[in-house]
Peer 1: 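Here it is: the structure, laid out below.
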Amino acid sequence: LPGLPAVPRRAVAGIAAAIIAALVLAALGVWGLTRTSASSSSAPAVYEFGVMFPGNLLPSFGSSVSPDGRYIAAGVFGAGAQLWLHSLNPDETHAVPGTGGAINPFWSPDSSTVGYGVRDQLCAVAVAGGSPVLLATIGPGYRGATWHSNGTILVAAQRKIFRMSAAGGTLVEIPLGTVTGVPGAPKFLPDGRHFVFT
């Protein structure tokens with residue numbers, strides 16, 4: 001335009017590059033916001049609840065959520081330990097008959113059965129009802145167990161960790177190398193070949 005000083009071509013290119021960069025950043029920002037809102041809207045809602053055991057009994061002997069998320073099993077202290085089940089739908093809590101002394105419950109992979117320790121035994125009972133069954137004699141010092149879909153149970157007892165069949169049978173000790181202390185609370189990793197413990 002007449003009367004205006006000429007703008008160097010290099011300055012025009014720099015301004016154009018800055019405008020393009022700003023537009024690209026704005027587009028990326030809008031894309032990121034839509035991705036975040038889409039992923040957060042599809043995330044499941046958090047469900048907060050309280051479980052009150054009758055008589056204000058305390059779930060102090062271990063608790064475990066079923067794999068399907070429908071139940072909580074707890075070793076509850078009253079006159080003595082006993083297994084209790086809390087159902088989330090319907091919302092109800094009841095003691096499981098025949099489970100006196102039960103501690104540190106754990107679940108079968110299909111959520112149909114809950115296992116537990118009682119004195120020197122590992123037992124299980126069906127959620128649908130029925131009498132508890134003996135899985136194995138494990139010796140003293142039970143500190144938790146885990147049940148994998150491959151039919152293997154790991155159990156912490158006798159200051160060791162053992163492997164056994166979910167159908168019952170012989171305990172096979174798993175060497176823990178240089179680990180010291182008393183192992184407990186074993187949990188299978190999804191591959192069924194590795195586990196973690198405290």
Side-chain angles (χ1 to χ4, degrees), residues 39-40 42-51 53 57-77 81-89 93 96 99 101-127 132-198:
S39 64
S40 64
S42 64
V46 175
Y47 179 54
E48 184 176 345
F49 60 91
V51 178
F53 292 97
L57 300 177
L58 300 174
S60 55
F61 290 113
S63 61
S64 182
V65 178
S66 62
D68 65 9
R70 295 176 55 208
Y71 298 97
I72 299 171
V76 175
F77 180 78
Q82 185 172 9
L83 186 68
W84 287 64
L85 282 181
H86 176 77
S87 169
L88 297 177
N89 187 21
T93 307
V96 180
T99 60
I103 61 173
N104 296 326
F106 62 100
W107 288 91
S108 65
D110 63 1
S111 302
S112 69
T113 305
V114 60
Y116 58 92
V118 56
R119 291 174 287 282
D120 63 348
Q121 298 178 333
L122 196 66
C123 300
V125 64
V127 173
V133 296
L134 174 66
L135 296 177
T137 298
I138 57 173
Y142 170 68
R143 293 176 54 90
T146 183
W147 191 334
H148 195 270
S149 58
N150 65 13
T152 302
I153 291 176
L154 299 182
V155 58
Q158 304 177 46
R159 304 175 68 92
K160 303 172 183 176
I161 293 184
F162 298 95
R163 175 178 78 240
M164 61 172 280
S165 167
T170 307
L171 299 178
V172 178
E173 183 181 351
I174 298 174
L176 299 179
T178 60
V179 172
T180 59
V182 182
K187 296 293 178 203
F188 267 118
L189 296 179
D191 66 6
R193 299 188 307 110
H194 298 88
F195 64 95
V196 295
F197 61 96
T198 59

Peer 1: Between A166 and I153, what is the shortest heavy-atom contact and its length?
Peer 2: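 Where A166 meets I153 most closely, the heavy atoms are CA-CD1, 3.8 Å.
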Peer 1: So among T152, L154, D110, T113, which one has a side chain to side chain contact (heavy atoms under 4.5 Å, CB included) with W147?
Peer 2: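 The single option meeting the side chain to side chain contact (heavy atoms under 4.5 Å, CB included) with W147 is T113.
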Peer 1: Below 4.5 Å, heavy atoms only, C-beta onward: do L122 and Y142 meet side chain to side chain?
Peer 2: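 Touching, per the 4.5 Å side-chain cut-off.
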Peer 1: Between V114 and L83, is any pair of side-chain heavy atoms under 4.5 Å apart?
Peer 2: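 Yes - at least one pair of side-chain heavy atoms lies under 4.5 Å apart.
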Peer 1: Quick one: closest heavy-atom pair of A136 and G169, and the distance?
Peer 2: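 Result for this residue pair: CB-O, 4.2 Å.
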Peer 1: Taking all heavy atoms of P105 and all of A73, pick out the closest pair and write down the distance.
Peer 2: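 Heavy atoms only, the tightest pair is CG-O, 3.5 Å.
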Peer 1: Quick one: are V182 and R143 in side-chain contact, heavy atoms under 4.5 Å?
Peer 2: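 Sidechains of R143 and V182: in contact.
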Peer 1: For A81 versus A102, what's the shortest heavy-atom pair and its separation?
Peer 2: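 So the two residues come closest at CB-O, 3.4 Å.
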Peer 1: Taking the side chain as everything from C-beta on, heavy atoms only, tell me whether T146 gets closer than 4.5 Å to W107.
Peer 2: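 The answer is no, as the side chains (C-beta and beyond) never meet within the 4.5 Å cut-off.
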Peer 1: Would you say T99 and V118 make side-chain contact, with heavy atoms under 4.5 Å?
Peer 2: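 Not in contact.
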Peer 1: Give a yes or no on whether the backbone of L134 and the side-chain of Q121 come within a donor-acceptor separation of less than 3.5 Å.
Peer 2: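 Answer holds: no.
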Peer 1: Tell me, do W84 and T93 make a side-chain contact under 4.5 Å, heavy atoms counted?
Peer 2: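 W84 vs T93: side chains touch.
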Peer 1: Taking the side chain as every heavy atom from C-beta outward, state whether R70 and L88 have any atom pair closer than 4.5 Å.
Peer 2: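 No, their side chains stay 4.5 Å or more apart.
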Peer 1: Working to the nearest 0.5 angstrom, can you tell me the gap between S64 OG and I72 CD1?
Peer 2: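 Answer for the OG-CD1 pair, S64 versus I72, is 9.5 Å.
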Peer 1: Do the side chain of S108 and the main chain of S112 share a donor and acceptor less than 3.5 angstrom apart?
Peer 2: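 Yes, because the side chain of S108 sits within donor-acceptor range (under 3.5 Å) of the backbone of S112.
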Peer 1: Begin with the C-alpha distance, continue with both residues' side-chain angles, and end with the deciding distance and a verdict on side-chain contact (heavy atoms from CB on, under 4.5 Å) for L135 and M164.
Peer 2: CA-CA 9 Å; L135 296 177; M164 61 172 280; 4.1 Å; yes
Peer 1: Looking at A156 and P183, what are the two nearest heavy atoms and their distance?
Peer 2: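 Scanning both residues completely, I find the closest heavy atoms to be CB-O, 3.7 Å.
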Peer 1: Measure the spacing between CZ of R159 and OG1 of T180 and express it to the nearest 0.5 Å.
Peer 2: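 R159 atom CZ to T180 atom OG1 measures 10.0 Å (nearest 0.5 Å).
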Peer 1: Should the ring pair F188 and H148 be called parallel, tilted or perpendicular, given that the plane angle runs from 0 to 90° and is split at 30 and 60?
Peer 2: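 The arrangement is perpendicular - the two ring planes meet at more than 60°.
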Peer 1: With distance as the sole test, does Q158 use its side chain to make a donor-acceptor pair with the main-chain N or O of I138 at under 3.5 Å?
Peer 2: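 Looks like yes, one N/O pair under 3.5 Å.
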Peer 1: For the side chain of S66 and the backbone of Y71, is there at least one donor-acceptor N/O pair under 3.5 Å apart?
Peer 2: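 At least one qualifying donor-acceptor pair exists.
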Peer 1: Using side-chain heavy atoms (C-beta onward) and a distance below 4.5 Å, is S111 in contact with V127?
Peer 2: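 Of all side-chain heavy-atom pairs linking V127 with S111, none is under 4.5 Å.
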Peer 1: Can you tell me how far CG of N150 sits from CZ of R193, rounded to the nearest 0.5 angstrom?
Peer 2: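 It is 11.0 Å, given to the nearest 0.5 Å.
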